[in-house]
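Below is one structure, written out as structure tokens; the observations come after it.
Chain A is the first sequence line, chain B the second, and so forth, proteins listed ahead of strands; every chain is numbered from 1. We use all heavy atoms of the structure for the numbers below, so side chains are in, but hydrogens, waters and symmetry mates are not.
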There are 2 protein chains.
Amino acid sequence: MRIKRNADISIADRPVTAQRRLLLDILKEADGHLHAKELYRRAAERDREISLATVYRNLRLFKELGLVRETRLDDLRCYYEIRRPSEHYHLICTACGQVTDFESPLVARLVADVELECGFHAERAVLHLEGRCGGCKKA
Amino acid sequence: MRIKRNADISIADRPVTAQRRLLLDILKEADGHLHAKELYRRAAERDREISLATVYRNLRLFKELGLVRETRLDDLRCYYEIRRPSEHYHLICTACGQVTDFESPLVARLVADVELECGFHAERAVLHLEGRCGGCKKA
DNA sequence: TTAAGTGCAAAGGCTTTGCAGCATA
DNA sequence: TATGCTGCAAAGCCTTTGCACTTAA
């Protein structure tokens, strides 16, 4: 066992262990859309002792702290990505599996419409479009 | 074991067993948003011998035939509902758990925008808004 | 000492699958 | 007989949890 604390980043008031730092680093490098096992695989390349339980525990922590966003892009598992200032959504190509981000001002309008018409106050919109990306459309 | 075939409805060219009929009936009555175990629970009230495996197998069949739509409204499980002619989306109240349907023409516009701007051809939009329904907003 | 984090293994919960028996043609 | 559906039980997969040990303050 070796837990190395690291003071140059902070995760709320929680201790920053080497594992946490490593996981956040990988999430940032990956630019999103990692599932837990893939994150674990990449982390294990740099720290052979890290465990899957630690990955899950910290993903949950990051999520609760708002550092990371969890989304279910398929029916198998959750995907995680560093939370960015602006909300975005996903395009999922059912042919090649590629996941791309997109933004649209229409989502905010839709949320406003729903509040007016249904009285429902939305705090989060989960939106992804499934179909064929530019490349696969041609093929 | 008793498999009773029933000719007065059809499921593509597949045999309509008593179990399939029962499951479709319950899905129709429920007006959507059932998860597999709840569907099983309700089915078992009328047919004590039906099995959870049959529920899952037939949900998958219905899904493949386009009779039923599967959506993950939370991270635990999938929810199933009879597919209706017009596409709709869901409002999920994080306070009381209530799930409501809504439609919006903005989704079609968004899909068109994405096709123009990103070259992505969407075949399905998965959209739900999480927040507080009218009742829970006041409380 | 006290509170918190970790690895390991076991357990949970949802879903799928293997198998033998039954149903229909 | 041949194909397809079913129930049951077991297995799969993702995720969480219990426990003992380690770390840091």
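The aromatic ring centres of B/His35 and B/His33 sit 6.0 Å or more apart.
When the nucleotides C/dG7, C/dT15, C/dA4 are ranked by their closest atom to the side chain of B/Tyr56, C/dT15 comes out on top. Distances from the side chain of A/Thr17 to the nucleotides D/dT17, C/dG5, D/dT6 place C/dG5 closest. Closest to the A/Thr54 side chain, of the nucleotides C/dT15, C/dT6, D/dT15, is C/dT6. Closest contact between the side chain of B/Arg20 and the listed nucleotides C/dT15, C/dG7, D/dT6 involves D/dT6.
Between the side chains of A/Glu81 and A/His90, at least one donor N or O sits under 3.5 Å from an acceptor N or O.
Put simply, OH on B/Tyr80 is 12 Å from P on C/dC14, counting in whole angstrom units. We find that CD1 of A/Ile50 is positioned 18 Å from P of D/dT22, with the value rounded to whole Å. The distance from atom OH of A/Tyr40 to atom C1' of D/dT15 is 14 Å, rounded to the nearest whole Å. When the P atom of D/dT15 is taken as reference, atom CZ of B/Arg77 falls 16 Å away, rounded to whole Å.
Axis angle across the helix from C/dT1-D/dA25 to C/dA25-D/dT1, with five pairs used at each end and values rounded to 10°: 10°.
Between A/Ile50 and A/Leu23, the closest side-chain pair of non-hydrogen atoms falls below 4.5 Å.
Each of B/Leu52 and A/Arg60 has a nearest nucleotide on DNA chain D; the 5'-most of these lies closest to B/Leu52.
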field: Chi angles and distances behind the salt bridge (Lys or Arg N to Asp or Glu O under 4.0 Å) call for B/Arg46, B/Asp25
entry: CA-CA 11 Å; B/Arg46 304 194 211 165; B/Asp25 281 350; 5.0 Å; no
Under 3.5 Å, which N/O atoms of the protein pair with N/O atoms of nucleotides 18-20 of chain D?
residue, atom, partner, partner atom, Å
D/dG18, O6, A/Arg57, NH1, 3.3

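A/Leu73 and A/Leu34 are members of different hydrophobic clusters when ILVMFWY side chains are connected at heavy-atom separations under 4.5 Å.
Sorted by first and then second residue, the ring-ring contact (aromatic ring centres under 6.0 Å, His included) pairs with a member in residues 114-139 of chain A form an empty list; sequence neighbours excluded.
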